[in-house]
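All chains are named by letter (A, B, ...) in the order of the sequence lines, taking the proteins before the strands, and each is independently numbered beginning at 1.
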There are 2 protein chains.
Amino acid sequence: MSTQQTTDTGGAASARVAAYLREAILGGQLKPGDRIRQEEVAERFGASRLPVREALRMLEAEGLTEHEPNKGARVPRLTQHEVEVIYRMRERLEPLALVESLPLLTEAEHAELEDVQRRIEENTDLERFLDLDREFHMLTYSGCGIDPLNSMVTRLWNSTQHYRRSYVALGGRSRMWVVNSEHRLILDAVVRRDPIDAERFVEGHIRRTRIELGHHPEVFDGNPR
Amino acid sequence: MSTQQTTDTGGAASARVAAYLREAILGGQLKPGDRIRQEEVAERFGASRLPVREALRMLEAEGLTEHEPNKGARVPRLTQHEVEVIYRMRERLEPLALVESLPLLTEAEHAELEDVQRRIEENTDLERFLDLDREFHMLTYSGCGIDPLNSMVTRLWNSTQHYRRSYVALGGRSRMWVVNSEHRLILDAVVRRDPIDAERFVEGHIRRTRIELGHHPEVFDGNPR
DNA sequence: TGACACAGGATTGGATCCAAAATCTACTGT
DNA sequence: ACAGTAGATTTTGGATCCAATCCTGTGTCA
C-alpha cells in the first residue's frame, strides 16, 4: 500500500479496518458525501461492528470521515472556501514543520528524498503522482517528532485529497511540471539545511497551489450525491 | 460548566461521559500522565464500558487523551519543547482564525467580548482566569465557521491547559495584568474590524507568552508520576 | 542476594444480543 | 395527483459476556 500512517492506536482488528477504509477514501473509491454503513464494512471484513465503530472514530480524528449522532458516518464534503482556508493553514503550518524537521533529517533521508523526487519526475500516472507528491512532502517533515504538528499536517492533506485529485486531473501534465520545479527548490534547501529558503519555498509552493485552485471552481461543483 | 464545546458527535451517553472527562482534565483533576481506566469511569457513571470507549476516542481527537493498544488511555504529558512548538502553531493558526472570523462577528458579539474582558479584569481566581481567558479568545474566533481550523485551535488549547495553569499560578497577578492589556489591544482591533492589527496583536500576544514560558522550565519539571 | 519464570489478577479488545432512533414506504384522505 | 402520516425496515447506540493481553507479585534457582 502506498499511503502511510498506520495509527497504531486501537486493537489489531480496528487498525486493519481503519487501514482498509483509509485506503478506500484516499484512493477515491469513497467520495465526499458517501455514507459508510457499519454493518456493510463489518461484513465485508468478517468482523463485528464494534471494531468498525472504533475505526470510524480514528478516521474522524484524521479528517477522513465525519459523524452525526444516530445517523452515522460520511466522507466529508468541503466547500471551495473551506478548501481555500485549509490551504492557508497548510501555508502556515508546513513551513513550521519543515523548519523543525530540517536539522534532524539524516543524509540517508536526503537520498530517499532525491529518489522519491526522481520517481515523481519519471511518473506519468495521476494516482501515483498524488501518492508520490504526498510522500515527498511527508518525508521532508519526517524529522519533526512533534505529534500534534504531524497529525494536523496529515489531517489537512487527508481532507483535501479528493480535491487535489480533481485538480491534478484538470491541470494534467503541465501542472505536474510546475510542481516538480518547485520540489527541486525545496529539495535543494533541505539538503543545504537552509531554514530560510526551505520555509520560503514550501510556503510559496502551497500558496501558488491555493491561488491556482481558486481559478478552478469547477473542481468543487461536480460533487456527487 | 465553564469550558464549552459539547462535541455533538456520538450518542447521548458517550457525549455525557466525554463532557465529564473533558471537564476533569481541563479542570486539572486529571493530570498529565494519569491513567484512565474504562471500568472505573463506567461505574462512576452508571453506564457500560462501551460509551466510555467512544468518549475516550472523542477526547483523543481533541488532544485530551492518548491511547495505546491493550494498555489504555492516559492524559498526555508534554515536554517543554513540545509545548513550545504548540505555541508556535498557535502563533500561526490563531491569527488566521481571527482574520476569517473578523468580518462575521456581530455587534452583539462585540458586546459579549467587552463583557468577558470586563469580567476577566474584575476576577482574581486562578481557575476562573483560565476559563475566561479561553472564552475571550474563542469568542474572537467564533465567527470563523471552518471546522478543521476551529477544532485544531481548540485542540492546541486543550493540550496545553495544564501547563497554562502552572504558569499562571507562577506568574500570578502581574501576569494577568499583562494579558489584560494585550486583550484590550485585540479587542479594539476586533471592534474596529481591522484585520492587520488584529492579526498582529494576537500573534504578538501568543509569541510573548511562548517566550515567557521558555524562561520557566520549572513549569514542566514537577510532572507527577 | 539478585535475576528470571510463572501464575494469578486486572484491564482492554471483540462478539453477540437488544433497544432506540432514523429513514423509507405505502396508504389514506382531500 | 399530492401531501401528510403511520407503520415497517434499516441502521446506529448500548449492555453483557467472553477472549486476549498486560501487569504484578511471589517463588525458585543460580
Side-chain angles (χ1 to χ4, degrees), chain A residues 5-22 24-25 29-62 64-77 224-225, chain B residues 5-22 24-25 29-62 64-77 224-225:
Chain A
Q5 187 131 353
T6 51
T7 331
D8 67 345
T9 228
S14 333
R16 280 207 311 273
V17 173
Y20 167 80
L21 286 173
R22 189 182 295 118
I25 297 168
Q29 288 82 48
L30 285 170
K31 292 187 186 7
D34 281 358
R35 194 168 167 192
I36 301 175
R37 267 169 270 269
Q38 299 175 359
E39 189 81 43
E40 192 179 316
V41 178
E43 193 173 347
R44 168 186 311 248
F45 225 85
S48 91
R49 267 174 42 220
L50 208 142
V52 177
R53 277 156 78 172
E54 298 261 308
L56 287 173
R57 288 254 173 252
M58 299 188 213
L59 295 175
E60 195 181 0
E62 295 172 35
L64 288 172
T65 62
E66 65 187 0
H67 200 94
E68 215 177 340
N70 294 319
K71 297 183 82 179
R74 312 185 83 87
V75 181
R77 192 201 318 256
R225 202 121 341 149
Chain B
Q5 186 134 351
T6 51
T7 332
D8 65 347
T9 227
S14 333
R16 280 207 310 275
V17 173
Y20 167 79
L21 286 173
R22 188 182 296 117
I25 296 168
Q29 288 83 46
L30 285 171
K31 292 189 188 2
D34 280 358
R35 193 168 168 193
I36 301 176
R37 265 170 270 270
Q38 299 176 358
E39 189 81 42
E40 193 178 316
V41 179
E43 194 173 348
R44 169 188 308 250
F45 226 86
S48 91
R49 268 176 40 221
L50 207 143
V52 177
R53 275 157 78 171
E54 298 260 310
L56 288 173
R57 288 256 173 249
M58 298 189 215
L59 295 175
E60 196 181 359
E62 294 173 36
L64 288 172
T65 62
E66 64 186 1
H67 201 92
E68 215 176 341
N70 294 320
K71 298 182 82 177
R74 312 185 83 89
V75 182
R77 191 200 319 253
R225 205 123 337 156

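- Rounded to an integer number of Å, the gap from B:R53 CZ to D:dG13 P is 14 Å.
- Contact of A:R49 with C:dG14 (side chain to base): no donor-acceptor pair of N or O atoms is detected under 3.5 Å.
- Of the inter-residue distances, the one linking B:R35 atom CZ with B:T65 atom OG1 reads 13.5 Å to the nearest 0.5 angstrom.
- The interatomic distance linking B:L56 (CG) with C:dG13 (C1') rounds to 13 Å, in whole Å.
- Across the protein-nucleic acid pair, A:F45 atom CZ and C:dG14 atom P stand 12 Å apart, rounded to whole Å.
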Generate the contact string for nucleotides 19-25 of chain C. Rules: B means base contact, S means sugar-phosphate contact only, - means no protein heavy atom under 4.0 Å.
--SSS--

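- Heavy-atom distances to DNA chain C give each of A:L50 and B:G72 a nearest nucleotide, and the one nearer the 5′ end belongs to B:G72.
- Residues B:A55 and B:S14 come closest through the heavy atom pair CB-O, 3.7 Å.
- Atom P of nucleotide D:dT16 and atom CD of B:E43 are separated by 12 Å, given to the nearest angstrom.
- For the pair B:E68 CD and D:dT21 P, the computed distance is 16 Å after rounding to whole Å.
- Note: A:R53 CZ to A:Q38 CD = 6.0 Å, rounded to the nearest 0.5 Å.
- Distances shown here put a side-chain N or O of B:H67 below 4.0 Å from the OP1 or OP2 atom of C:dG13.
- To the nearest 0.5 angstrom, A:H67 atom NE2 is 11.0 Å from A:I36 atom CD1.
- In this structure, the CD atom of A:E39 is 8 Å from the P atom of D:dT12, given to the nearest Å.
- The shortest distance between the side-chain N/O atoms of B:S14 and the OP1/OP2 oxygens of D:dG13 is not below 4.0 Å.
- Listed for the A:R74 side chain is no donor-acceptor partner under 3.5 Å among the backbone atoms of A:E66.
- Residue pairs meeting the salt bridge (charged side-chain N to carboxylate O under 4.0 Å, His left out) criterion with at least one partner in residues 40-49 of chain A, sequence neighbours excluded, are A:R37-A:E40.
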Between protein and nucleotides 5-10 of chain C, what N or O pairs are separated by less than 3.5 Å?
none

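- A salt bridge links B:E60 with B:R57: at least one charged nitrogen is closer than 4.0 Å to a carboxylate oxygen.
- Distance B:Q38 CD to D:dT16 P: 15 Å, rounded to the nearest Å.
- Taken from CG in A:L21 to CG in A:L59, the straight-line distance is 5.5 Å, to the nearest 0.5 Å.
- At the heavy-atom level, B:I36 lies under 4.0 Å from the strands shown only through sugar-phosphate atoms.
- Across B:G33 and B:R77, no two heavy atoms sit closer than the pair CA-NH2, 3.8 Å.
- The distance between atom CD of A:E54 and atom P of D:dG13, rounded to the nearest whole Å, is 13 Å.
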